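Quantities reported herein were computed from a predicted structural model and do not represent experimental measurements.
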Amino acid sequence: MSTLTTDRQDERLQNRDGLRGALADVIERARGGDLGVIPVVVGLVVIWTVLQVLNPIFLSSANLVNLTLESAAVGIIALGIVCVLLVGQIDLSVGSVSGLSGAVLAVLFVGEGLPVWLAVAASVVMGAVIGWVYGQLFNRFGVPSFVITLAGLLAFLGLQLYVLGTKGSINLPFDSGLVNFAQLDFVPAWLSYTFAVIAAVWLFDSGYLHARERRRAGLSARGVSTLALRSVALLAVLAFVVWYLGQTRGVGWMFVFFVALVLIMHYLLSRTKWGRAVYAVGGNVEAARRAGINVKAIYTSVFVLCSTFAAVGGILAAARLAAANQSSGSGDVNLNAIAAAVIGGTSLFGGRGTAFGALLGIIVIQSISSGLTLLNLDSSIRFVVTGAVLLLAVIVDSVSRRSRTSHGRA
Amino acid sequence: MSTLTTDRQDERLQNRDGLRGALADVIERARGGDLGVIPVVVGLVVIWTVLQVLNPIFLSSANLVNLTLESAAVGIIALGIVCVLLVGQIDLSVGSVSGLSGAVLAVLFVGEGLPVWLAVAASVVMGAVIGWVYGQLFNRFGVPSFVITLAGLLAFLGLQLYVLGTKGSINLPFDSGLVNFAQLDFVPAWLSYTFAVIAAVWLFDSGYLHARERRRAGLSARGVSTLALRSVALLAVLAFVVWYLGQTRGVGWMFVFFVALVLIMHYLLSRTKWGRAVYAVGGNVEAARRAGINVKAIYTSVFVLCSTFAAVGGILAAARLAAANQSSGSGDVNLNAIAAAVIGGTSLFGGRGTAFGALLGIIVIQSISSGLTLLNLDSSIRFVVTGAVLLLAVIVDSVSRRSRTSHGRA
Amino acid sequence: MDVLTLRGISKTFGAVAALTGIDLDVAAGQVVAVVGDNGAGKSTLVKILSGVHPPDSGTITFEGNEVEIPTPAAAHKLGIATVFQDLALCENLNVIQNLFLGQEIRPLRLNDVAMETRSWELLRQLSAKIPSVRVPVAALSGGQRQTVAIARSLLGDPKIIILDEPTAALGVAQTAEVLNLVERLRENGLGVIMISHNMADVKAVADTVAVLRLGRNNGVFDVSEVTTEDIIAAITGATDNAVSRRAQKGTPS
Amino acid sequence: MDVLTLRGISKTFGAVAALTGIDLDVAAGQVVAVVGDNGAGKSTLVKILSGVHPPDSGTITFEGNEVEIPTPAAAHKLGIATVFQDLALCENLNVIQNLFLGQEIRPLRLNDVAMETRSWELLRQLSAKIPSVRVPVAALSGGQRQTVAIARSLLGDPKIIILDEPTAALGVAQTAEVLNLVERLRENGLGVIMISHNMADVKAVADTVAVLRLGRNNGVFDVSEVTTEDIIAAITGATDNAVSRRAQKGTPS
Amino acid sequence: GCGSGSGSTGGTSGATAGGGDLQNAKVAFLMPDLASTRYELQDKPLFEARMKQLCPTCEVIYQNADSDAAKQQQQANSALAQGVKAIVLDPVDSAAAATIVKSAQSQQVPIIAYDRPIPATPADYYISFDNEKIGAMIAQSLVDHLKKENAEGGILQVNGSPTDAAAGLIKKGIHSAVDPSGFKLLAEYDTPDWQPEKAQTWVSGQITQFKDQIVGVVAANDGTGGGSIAAFKAAGVKVPPVTGNDAEVAAAQRIIAGDQYNTISKPIKIVAEASANVAWEFMQGKKPAGKATLYNTPSELFTPTVVTKENIKEVLFDSGIMKAADVCTGEYAKGCGELGIK
Ligand SMILES: Nc1ncnc2c1ncn2[C@@H]1O[C@H](COP(=O)(O)OP(=O)(O)OP(=O)(O)O)[C@@H](O)[C@H]1O
Ligand SMILES: Nc1ncnc2c1ncn2[C@@H]1O[C@H](COP(=O)(O)OP(=O)(O)OP(=O)(O)O)[C@@H](O)[C@H]1O
Ligand SMILES: [Mg+2]
Ligand SMILES: [Mg+2]
């Protein structure tokens with residue numbers, strides 16, 4: 001207790017250092033109900049176990065490979081939803097926008113014969129423009145985002161039908177790069193392992209540098225052993241995943257792309273001024289405004305991001321299906337994307353949530369959907385079971401969160 | 001300025017009495033952006049004018065009669081949604097619950113041959129039980145209502161399919177009282193006019209008694225002339241509506257039933273302890289809890305109300321269609337009900353909204369839908385126009401609200 | 001006899017021990033001031049007494065019986081009325097609605113007129129400067145809100161009133177009225193727990209002063225026998241502190 | 001020369017005239033105390049100066065130029081830093097994040113370490129009793145929050161600091177530190193507007209006192225030439241008021 | 001009082017159909033959903049064109065109910081409020097459409113059931129090819145093909161939306177062909193909202209489960225068929241014969257490219273024009289007699305044609321239903337050439 005770091009001087013703090021301290025910390029946080037994504041992961045493990053017992057194909061490598069690929073499109077849309085929810089708004093039109101974007105892509109690429117990159121770029125830009133318009137309507141007129149995006153839902157569905165026009169459904173050529181990317185391109189094994197090692201090394205390195213900097217500034221910091229343990233754990237998990245998926249087809253590039261987007265969003269949200277502003281606006285817009293934050297710009301930026309991600313998701317969905325048609329993006333795309341964000345711990349009231357939540361949430365949803373699909377149930381039973389399992393997955397999370405002394409809507 | 005009433009003594013208050021004062025008050029409130037439902041009504045008038053110009057059938061008596069009848073079922077569901085939104089929660093399953101309730105009604109009434117009142121009662125009780133379960137899940141486990149009711153959406157859709165079984169669709173006999181009620185029963189003209197007169201007299205009477213009581217207690221009160229003018233205006237509007245609808249078939253009993261429910265909910269929300277508690281929970285749950293309000297009971301009560309109204313709405317929808325089928329309650333029932341509440345001025349963040357909002361909101365939505373139906377457009381164009389008109393209707397409201405110096409999310 | 005007795009109350013939030021083994025006694029007709037530095041745990045103690053947080057350990061004895069106070073509703077039922085430091089008003093409701101929240105007159109057909117009349121009475125009594133009681137609380141100034149919160153606690157028929165920094169936002173006149181009010185409450189035989197950082201107010205109305213420091217008891221004093229300097233020394237844990245240094249600096253100039 | 005001059009500022013909320021024709025002057029290196037009863041319009045004046053509300057009429061002159069302050073960002077740019085009475089912190093962010101909100105170090109790759117170090121410095125300077133700066137503000141006590149809000153305003157390089165009841169929730173030691181701070185700010189040539197209900201504090205640090213009453217100017221006094229009783233009389237609009245009556249009542253006993 | 005009874009007619013006030021003048025008369029053409037593109041792309045323009053020939057001043061009110069029976073009821077009511085002289089109705093829900101028939105007939109407006117029957121309350125006329133038969137035909141064609149190839153294994157069945165009555169009929173038809181075929185039905189799935197993505201996800205799962213046991217997939221429409229094909233492609237395995245229905249352009253392309261086995265072409269032109277003829281007769285006050293009587297309704301039924309690679313040229317292209325220019329784009333040009341489609 002001799003030389004206390006600057007941030008550990010209050011005598012009411014229970015000091016914890018080293019590995020043992022880190023463990024005590026986790027237990028303390030568990031009691032307090034503040035476990036981050038751990039409960040969601042536990043919920044996921046529960047579901048996986050149940051589904052695996054019911055049908056041994058579920059956890060087979062081949063099925064998990066499908067699962068990763070099927071998660072990507074809606075997962076990317078959910079990533080955008082996380083951003084909008086963080087500022088306490090909503091976007092109901094992501095389904096329509098994704099459908100429209102797929103349609104525009106198909107028309108430009110197949111119909112007009114433009115190069116694929118140009119068609120993709122056009123679709124993405126269109127998504128961004130839609131988001132920008134939402135932002136303007138929201139900032140200028142103060143129309144609730146629910147209504148703006150509901151109007152968008154209808155309008156872009158109409159536009160999607162219009163764009164597809166007399167064809168109704170447009171095939172994307174199976175041998176085009178885009179379709180290959182979404183269906184057949186897998187990361188070679190050696191590269192996957194390399195990625196895993198890079199991630200682990202990077203985690204250790206950045207942690208170590210950060211700890212050194214903190215120690216120099218006289219602040220408490222994680223010990224090297226804790227950092228090393230964390231990196232080794234990550235390496236083990238990643239290597240296992242790569243190995244297991246590698247039993248069949250491996251890790252799809254589309255999934256890697258999704259994970260990369262999650263990482264980028266995680267960085268933007270947690271390590272930039274913009275990210276801080278997003279959380280601040282979601283927590284208390286008036287406080288954010290008084291702190292000199294350009295609240296309107298923040299709103300516009302998240303709407304743009306969300307629509308853009310929706311457009312990207314739509315392109316990938318079209319690529320995966322190798323077709324754009326009238327019902328793309330309709331049905332439960334909206335609900336699934338929002339539900340993925342919420343299941344991943346994003347609050348509908350703003351100010352709480354992470355990019356990783358979208359990843360976890362969509363995996364929960366796709367697991368349920370894929371697992372029940374394998375069971376070959378009657379539609380009616382399948383719907384009922386899906387609802388029940390979904391509830392189950394979230395109850396685990398909520399119960400753990402429950403014990404936290406809640407403040408209002410915290 | 002001699003004898004000031006207790007509530008008008010602060011010298012910073014601009015005193016306004018009598019008719020002129022009431023007018024000045026309205027203007028002042030307009031500048032402040034606090035106009036209640038007036039902007040929505042203005043939005044409605046704009047839409048009506050545009051649609052009437054585009055197709056002169058729109059405001060014909062026959063079409064308006066249809067409009068009233070078509071509003072009832074979803075309007076009643078929206079009424080329940082208003083309650084849930086008021087406490088800051090959401091119910092995504094109203095569509096499924098309404099579909100299930102229609103299916104249960106049909107199976108019990110037609111399939112099992114139970115008397116109609118028993119079948120109706122069973123469906124309504126089922127709705128209430130569903131709401132109660134939601135309340136328990138919400139209170140016990142703290143699962144976000146979004147997820148609970150999303151699970152409910154799926155589960156009850158499944159149950160609906162299961163109940164309808166292999167039949168898929170069940171007709172309700174045309175000569176049953178229920179179907180007549182929803183399709184053919186209209187209020188006789190003399191009774192409609194009597195209703196109008198009763199409403200006007202009651203408005204004056206209650207206003208007069210209240211004013212007298214206030215004056216006795218030394219508080220400011222509305223003058224008799226203001227009260228009289230208000231009643232006469234109401235009488236004029238109601239009489240005109242009755243007369244105009246009476247040009248063809250008149251006022252449907254189902255619409256009267258809907259309006260009666262709106263009035264009852266208005267009373268419950270604005271004039272009872274329970275209603276206060278609902279607004280308080282929506283405004284600040286922690287404050288409500290500290291005031292000794294049984295917050296859990298309030299949550300349960302609104303979930304029960306919402307599901308019950310959904311069940312009632314489902315019964316009326318089935319009666320109006322004279323059939324319960326697999327797609328009842330699916331499609332845009334959910335979105336329309338929530339949108340009606342939001343368009344009627346209910347905040348998604350809780351604590352703000354009225355029962356009348358549901359009435360106005362559903363009329364806006366049905367007007368758009370009915371008006372565009374008359375225009376004979378391509379589906380794609382119709383979607384786009386619907387979106388645009390919806391946005392237009394709400395912008396009027398939002399712009400007027402905008403000028404109010406907003407406090408956070410007020 | 002003591003109305004309220006606390007023994008060994010502890011409360012931990014995450015890694016922070018907010019309260020450790022707190023004892024406190026309040027008798028009927030007695031004003032107990034609880035003082036302490038920022039973050040000393042005063043409000044946490046108040047919240048435990050009013051059922052907002054459950055304590056981790058310790059016992060609460062009310063009128064001779066050991067009780068549990070799991071919810072604010074339970075505290076209301078026992079007769080404990082509280083003015084919270086963070087006020088806990090519903091911004092979307094107006095002044096009358098907030099005042100009578102949870103204790104409305106005529107639950108099935110609210111009696112507006114009676115509630116409005118009573119509101120004006122209460123507010124007048126506290127010298128409140130509120131132009132209209134029909135505006136939402138969101139439109140009130142800080143002091144006006146605090147007055148509303150204090151008025152709230154006087155409704156019903158409490159046996160103990162807990163005031164957490166009741167005069168922090170009040171003007172000079174309103175502060176004087178609140179001090180008068182506290183004296184009236186004492187005369188009516190209520191137990192009052194008052195938290196304040198203002199030593200003048202404490203010395204003016206309190207009978208005993210309980211000092212908290214870093215979540216622990218740090219002495220209970222009889223007001224008539226203690227100087228302001230002693231209390232401050234107990235609060236800051238040193239006779240040489242920012243306050244005394246400032247006072248010294250002030251003296252020569 | 002005056003840094004800030006207000007002339008004829010008015011503001012109406014709905015039916016309530018919160019401010020009517022307010023004049024105010026603040027010079028560099030001067031501490032102006034604004035006092036007044038609850039609801040007198042002090043915070044409204046502050047909000048107008050910091051761009052939260054636009055005034056209905058009147059002019060603001062800053063460093064000799066007539067300016068408009070349509071948004072808080074504009075006020076920041078002019079060099080006006082404000083501690084609001086309602087604090088305006090984001091409950092979901094932690095202490096460091098709140099302190100540096102809108103002025104983070106290294107926008108594209110936040111420098112945690114530098115921000116944390118600087119946070120501890122600022123908080124120590126204000127004698128804050130905050131166990132950890134990594135907890136969300138929702139978990140802080142009232143006084144701790146106020147300290148955070150005050151520390152916030154010291155970041156950046158303001159020319160005018162406006163403090164709206166900065167010591168309301170503070171403990172005795174923290175209050176003393178804030179008064180020290182105000183004196184330091186004056187010495188550094190900043191203009192300070194301080195709103196307070198505590199006459200002792202006002203007399204201790206202010207140079208001039210501006211009194212508001214029911215939204216209007218009610219006199220500007222030089223602190224060295226005015227007694228507490230005179231100020232209170234100007235605030236309440238009468239020499240016979242609750243405060244004086246309480247004082248009289250107290251004297252004989 | 002207020003009678004139920006004659007709907008107020010708009011500008012052209014004519015009492016009952018057949019009476020007054022037929023200048024500017026209106027006829028309603030109410031279609032059920034957007035899940036299939038045919039209603040907007042084929043039925044509507046064909047019907048309108050024929051109507052225009054018969055009655056140049058008449059107006060066709062087209063509505064699509066987007067799979068919502070209540071919305072269809074609203075659309076019918078609004079058509080009645082506009083004073084239409086006849087309604088051609090493709091019901092979303094055959095049972096629920098009884099209400100529409102009732103209210104139309106109570107206002108003396110004749111109603112022609114189109115595509116799907118209305119069993120509960122006889123309409124004035126019924127023109128269709130029936131969905132159950134379509135299901136049976138596509139499935140039978142696949143089964144025959146498999147038998148010819150001596151395939152051994154099982155079949156996957158991808159049905160339409162569980163909340164769509166028409167999908168139920170198709171499903172019934174498919175079962176009638178698959179169940180007695182001797183091929184094992186490995187698994188079946190009701191595709192929510194007819195979404196191809198859902199079909200793809202499900203088929204992907206079944207591929208992992210049954211691997212190479214799958215010798216054929218009966219999909220209830222071209223969209224879900226396309227989804228099934230994409231699932232096989234994405235799994236990197238050989239695509240077995242997959243059925244379709246609706247004869248969309250995209251399906252024709254897949255058949256030409258050899259990815260899809262069959263689809264079914266409905267003689268929409270014939271049906272749409274026949275219904276226009278019948279509607280016109282009703283509007284003139286005549287009572288056309290049916291070629292048969294089904295569900296107590298004078299009826300006329302047409303048979304659709306299964307399209308495979310063998311007959312695609314004559315069924316779709318030689319008949320003029322599709323133009324080679326629309327279909328034989330890009331990578332499909334080669335296949336078209338092989339089949340002699342120009
Ligand atoms: N946003 C608002 N909407 C409506 N009225 C308001 C608003 N803000 C302030 N007011 C009114 O303006 C008057 C002045 O309020 P202000 O907050 O400026 O008082 P103050 O002098 O700061 O009082 P206190 O000492 O209690 O903090 C009050 O009567 C208040 O009700
Ligand atoms: N809900 C909570 N979650 C976590 N920590 C909390 C919570 N409430 C209080 N604390 C911590 O407990 C300690 C005591 O807080 P408390 O509010 O009781 O202080 P206080 O004595 O009232 O201070 P002040 O004079 O500033 O009002 C503080 O360090 C605070 O950070
Ligand atoms: Mg406190
Ligand atoms: Mg103030």
Side-chain angles (χ1 to χ4, degrees), chain B residues 55-58 60-63 65-67 69-70 73-74 99 157-158 160-161 166-171 174 179 183-184 186-190 245-251 317-318 320-328 330-333 366 369-371 373-374 376-380 382-383, chain E residues 1-11 26 28 31 33-34 39-40 44 59-75 77-83 92-100 102-103 106 119-121 161-165 167-169 172 190 192-193:
Chain B
N55 187 331
I57 307 275
F58 177 64
S60 70
S61 174
N63 198 48
V65 170
N66 280 339
L67 192 72
L69 292 177
E70 278 151 11
V74 183
L157 175 57
Q160 177 185 357
L161 297 182
T166 47
K167 296 224 183 75
S169 183
I170 300 177
N171 282 337
F174 278 103
V179 174
Q183 297 192 343
L184 299 173
F186 290 85
V187 185
W190 64 268
L245 294 182
Q247 295 302 299
T248 47
R249 290 188 290 164
V251 185
R320 173 127 186 93
L321 195 61
N325 66 14
Q326 296 170 317
S327 67
S328 303
S330 68
D332 44 14
V333 171
Q366 286 293 348
S369 148
S370 149
T373 293
L374 289 173
N376 194 11
L377 301 168
D378 251 21
S379 293
S380 57
R382 186 158 46 85
F383 279 119
Chain E
C2 54
S4 58
S6 68
S8 91
T9 40
K26 292 173 181 162
M31 293 296 111
D33 60 56
L34 296 165
Y39 298 113
E40 305 228 327
K44 175 193 171 209
E59 186 189 337
V60 176
I61 294 173
Y62 165 76
Q63 300 291 348
N64 190 309
D66 203 9
S67 311
D68 183 342
K71 192 180 271 178
Q72 189 159 55
Q73 187 184 18
Q74 183 195 11
Q75 293 172 340
N77 279 334
S78 109
L80 290 171
Q82 293 182 75
V92 171
D93 176 350
S94 306
T99 305
I100 299 176
K102 269 255 177 327
S103 53
S106 77
T121 309
S161 164
T163 58
D164 183 341
L169 293 173
K172 219 159 141 195
D190 297 340
D193 298 323

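In this structure, chain B has a heavy atom under 4.5 Å from the side chain of Glu59(E), while its backbone stays farther away. If you measure heavy-atom distances from Asn325(B) to chain E, the contacts under 4.5 Å come from both the backbone and the side chain. For Ala322(B), the parts lying under 4.5 angstrom from a heavy atom of chain E are both the backbone and the side chain. Only the side chain of Gln63(E) comes within less than 4.5 Å of a heavy atom in chain B; its backbone stays farther off. Only the side chain of Arg382(B) comes within contact range of chain E, judged by heavy atoms closer than 4.5 Å. Of the atoms belonging to Leu374(B), heavy atoms from both backbone and side chain fall under 4.5 Å from chain E. Proximity to chain E is limited to the side chain of Gln183(B), based on heavy atoms less than 4.5 angstrom apart. Proximity to chain E is limited to the backbone of Leu377(B), based on heavy atoms less than 4.5 angstrom apart.
Rounding to the nearest 0.5 Å gives a distance of 7.0 Å between CG of Leu321(B) and CG of Asp93(E).
Listed options Lys102(E), Lys172(E), Lys44(E) were ranked by heavy-atom pairs under 4.5 angstrom with chain B; first place goes to Lys102(E). Heavy-atom pairs under 4.5 Å with chain B were tallied for Ser103(E), Ala98(E), Ala70(E); the largest tally goes to Ala98(E). Counting heavy-atom pairs under 4.5 Å between each of Thr99(E), Asp66(E), Asp68(E) and chain B puts Thr99(E) at the top.
Ser78(E) is linked by a side-chain hydrogen bond (donor to acceptor under 3.5 Å, both in side chains) to nothing, counting only residues two or more places apart in sequence or in another chain. In this structure, the side-chain hydrogen bond (donor to acceptor under 3.5 Å, both in side chains) partners of Ser369(B), at least two apart in sequence or on a different chain, are Gln74(E).
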